[in-house]
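One structure is given below, encoded as structure tokens.
Every number for a ligand or one of its atoms is a count from 1 in the order of the listing.
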Amino acid sequence: MPEHTALVFKTSANPNPLPEASRLAAFQDLGFGTLFSDHMAVVRWSAETGWHSAEITARGPFAIDPASAVLHYGQEIFEGMKAYRAADGQAVLFRPEENAKRFNASARRMAMPELPTDVFIAAVEQLVTMDAKWIPGGDGSLYIRPFMFANEVFLGVRPSREYIFCVIASPVGPYFKGGEKAVSIWVSEQYTRAAKGGTGEAKCGGNYAGSLAAQAEATEHGCAQVIYLDAAERKWIEELGGMNVFFVMEDGSLVTPPLGTILPGITRNAVITLAKAAGLTVHERPYSFDEMKADTASGKLREAFACGTAAVIAGIGTVKFNGGELVISGGQTGAVTRDLRSRLVGIQRGQIADGYGWVHPIAGI
Ligand SMILES: *Cc1c(COP(=O)(O)O)cnc(C)c1O
């Protein structure tokens with residue numbers, strides 16, 4: 001395989017006016033993932049030349065051949081990360097090398113080429129630098145979506161010999177419309193998300209395509225998200241469609257499902273570290289839905305929350321399933337959840353000292 005370090009991004013600036021008259025107005029009521037910044041980073045890969053043609057260019061459509069491999073067999077992976085305006089005005093990322101590492105783990109699982117970590121981070125940094133005016137102030141952030149897809153023109157089941165890596169950015173407000181309110185989740189007994197040996201650990205688009213029918217079921221039942229049980233026994237709680245899950249017990253300890261078939265969340269990892277630093281015991285162990293029902297009834301289960309880059313930490317107030325409903329912490333976001341959330345958000349936004357080297361300032365903006 002060719003060497004690709006020191007790829008230089010060719011940049012062509014294409015600044016557009018912000019969509020509203022004033023920056024402030026433009027960043028109100030952002031919602032999530034509907035508004036995009038002016039540019040995108042693109043790097044191409046082919047079996048012959050490896051990674052090449054790195055550029056920051058005007059955001060716009062790709063011309064895709066109808067026989068492009070991604071359109072048929074779904075060889076596609078992605079990441080999700082955020083740029084923030086820290087308290088001191090600096091633009092910062094949160095643990096971007098972890099996203100780069102996980103991106104490559106996903107690439108290996110989907111038989112795609114790995115992208116050098118320095119190229120991944122340079123693409124993100126240069127895009128954010130170019131589109132710095134799109135980083136919202138206040139509680140907002142610039143959501144960054146690196147992704148890679150197969151783009152060889154052929155119809156056959158084998159790894160593509162061409163790929164496009166791209167990064168786009170979207171200024172966002174809170175992920176859930178209710179803001180800090182606890183969310184309700186639906187336990188899917190019909191659908192599963194991941195089996196051992198499958199793609200549950202990879203951040204690939206196909207996992208999300210497979211989640212949409214379950215998500216529709218959740219919406220029908222008035223729930224914001226789905227929580228999945230394991231595929232083998234339909235017994236153990238795994239995670240939400242796009243977030244990991246934690247349970248807070250009456251003795252103050254935390255329980256979270258172990259890695260294996262779930263997505264290894266960077267937020268999950270940060271929560272475990274922060275909880276331990278706050279003196280809480282964290283058990284990474286299988287937790288069954290039956291145990292959850294019993295623990296809710298007995299009062300042993302005090303709080304539950306979901307976590308991921310998009311929503312950061314969201315309290316779970318209600319859990320609905322066929323034949324019943326559990327109400328956790330009176331349907332509110334619990335105190336331990338709120339405390340962990342403010343510790344994490346405080347570090348991410350530079351309001352609390354970062355003792356872990358997690359915050360990654362982008363020089364010069
Ligand atoms: C992205 C994702 C998460 C959260 O990962 P973070 O690194 O914390 O953003 C959790 N579960 C699934 C299925 C995901 O796709």
Side-chain angles (χ1 to χ4, degrees), residues 32-33 74 76-84 93-107 109-110 120-121 124 141-148 167 170 172 174-176 183 185-186 188 191-196 198-212 214-215 218 224-231 236-246 254 256-275 282 284 304-314 316 337 340-341 343-345 347-348 356 358-360:
F32 200 95
E76 191 268 354
I77 58 170
F78 66 95
E79 271 302 320
M81 50 207 291
K82 281 175 171 173
Y84 299 91
L93 301 169
F94 185 71
R95 308 181 74 182
E97 50 305 307
E98 294 300 315
N99 294 96
K101 258 197 254 168
R102 187 171 65 189
F103 193 68
N104 282 339
S106 299
R109 179 62 185 86
M110 306 305 283
F120 181 99
I121 293 177
V124 170
S141 54
L142 187 65
Y143 184 78
I144 300 163
R145 167 53 55 86
F147 61 104
M148 175 177 22
V167 189
S170 168
V172 298
Y175 188 71
F176 290 115
V183 297
I185 55 175
W186 171 251
S188 180
Y191 300 105
T192 61
R193 183 188 164 272
K196 285 210 168 63
T199 60
E201 278 185 292
K203 218 167 169 69
C204 60
N207 287 347
Y208 281 73
S211 78
L212 298 175
Q215 182 63 39
Q225 289 277 315
V226 179
I227 191 158
Y228 291 93
L229 303 179
D230 76 289
W236 307 102
I237 293 171
E238 296 224 308
E239 62 169 322
L240 277 63
M243 278 179 276
N244 297 116
V245 67
F246 281 81
L254 260 57
T256 194
L259 298 180
T261 50
I262 64 170
L263 201 285
I266 296 162
T267 318
R268 175 187 181 277
N269 177 277
V271 166
I272 291 173
T273 302
L274 292 177
V282 183
E284 291 181 66
F305 64 85
C307 67
T309 296
V312 192
I313 293 180
I316 296 170
T337 303
L340 286 168
R341 186 189 162 92
R343 285 170 195 261
L344 178 56
V345 171
I347 291 174
Q348 288 175 331
Y356 306 99
W358 287 345
V359 174
H360 177 107

### Query
Is the backbone N or O of Val226 less than 3.5 Å from a side-chain atom of Ser188, with the two atoms forming a donor-acceptor pair by type?
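No: the side chain of Ser188 does not pair with the backbone of Val226.
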### Arg145 side-chain N/O to Glu79 backbone N/O, donor-acceptor pair under 3.5 Å
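Indeed, once roles are kept as given, a pair shorter than 3.5 Å links the two residues.
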I'd like to check whether [X] has a polar contact with ligand 1, where a contact means an N/O of the residue lying under 3.5 Å from an N/O of the ligand.
X: Glu239; answer: yes
X: Asn244; answer: no
X: Pro264; answer: no
X: Arg193; answer: no

### Query
When rounded to the nearest 0.5 angstrom, what distance separates CZ in Phe94 from CD1 in Ile347?
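Going from the CZ atom of Phe94 to the CD1 atom of Ile347 covers 7.0 Å.
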For [X], the ligand 1 atoms whose distance to one of its heavy atoms is below 4.0 Å:
X: Gly241; value: 13 (C)
X: Gly265; value: 5 (O), 6 (P), 7 (O), 8 (O)
X: Met243; value: 10 (C), 11 (N), 12 (C)
X: Gly308; value: 4 (C), 8 (O), 9 (O)

### Query
Does the gap between the ring centers of Tyr143 and Phe32 come in under 6.0 Å?
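For Tyr143 and Phe32, the ring centres are under 6.0 Å apart.
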### Message
If you take the centroid of each ring, where Trp contributes its six-membered ring, are Phe103 and Phe120 closer together than 6.0 Å?
### Response
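Aromatic pair counts; centres sit under 6.0 Å.
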### Task
Check the pair Tyr228, Glu238 against side-chain hydrogen bond (donor to acceptor under 3.5 Å, both in side chains), reporting the backbone distance first and the verdict last.
CA-CA 6 Å; Tyr228 291 93; Glu238 296 224 308; over 6 Å; no
[atom]: the protein heavy-atom neighbour that sits closest, reported with distance to 0.1 Å:
atom: atom 15 (O) of ligand 1; answer: Tyr208 OH, 2.4 Å
atom: atom 8 (O) of ligand 1; answer: Thr267 OG1, 2.6 Å
atom: atom 3 (C) of ligand 1; answer: Gly242 O, 3.3 Å
atom: atom 9 (O) of ligand 1; answer: Thr309 OG1, 2.6 Å

#### Entry: Selection from Arg102, Lys203, Arg268, Arg95 by shortest heavy-atom distance to atom 7 (O) of ligand 1
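Minimum heavy-atom distance to atom 7 (O) of ligand 1 goes to Arg102.
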### Task
Evaluate side-chain hydrogen bond (donor to acceptor under 3.5 Å, both in side chains) for Asn207 paired with Thr199, printing each intermediate quantity in order.
CA-CA 7 Å; Asn207 287 347; Thr199 60; 2.8 Å; yes
### Query
If every non-hydrogen atom of Gly33 is compared with every non-hydrogen atom of Val172, which pair is closest and at what distance?
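For Gly33 and Val172, the tightest heavy-atom pair comes out as N-CG1, 3.7 Å.
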### Task
Take Glu284 and Arg268, measure what salt bridge (Lys or Arg N to Asp or Glu O under 4.0 Å) needs, and give me the verdict at the end.
CA-CA 11 Å; Glu284 291 181 66; Arg268 175 187 181 277; 2.7 Å; yes
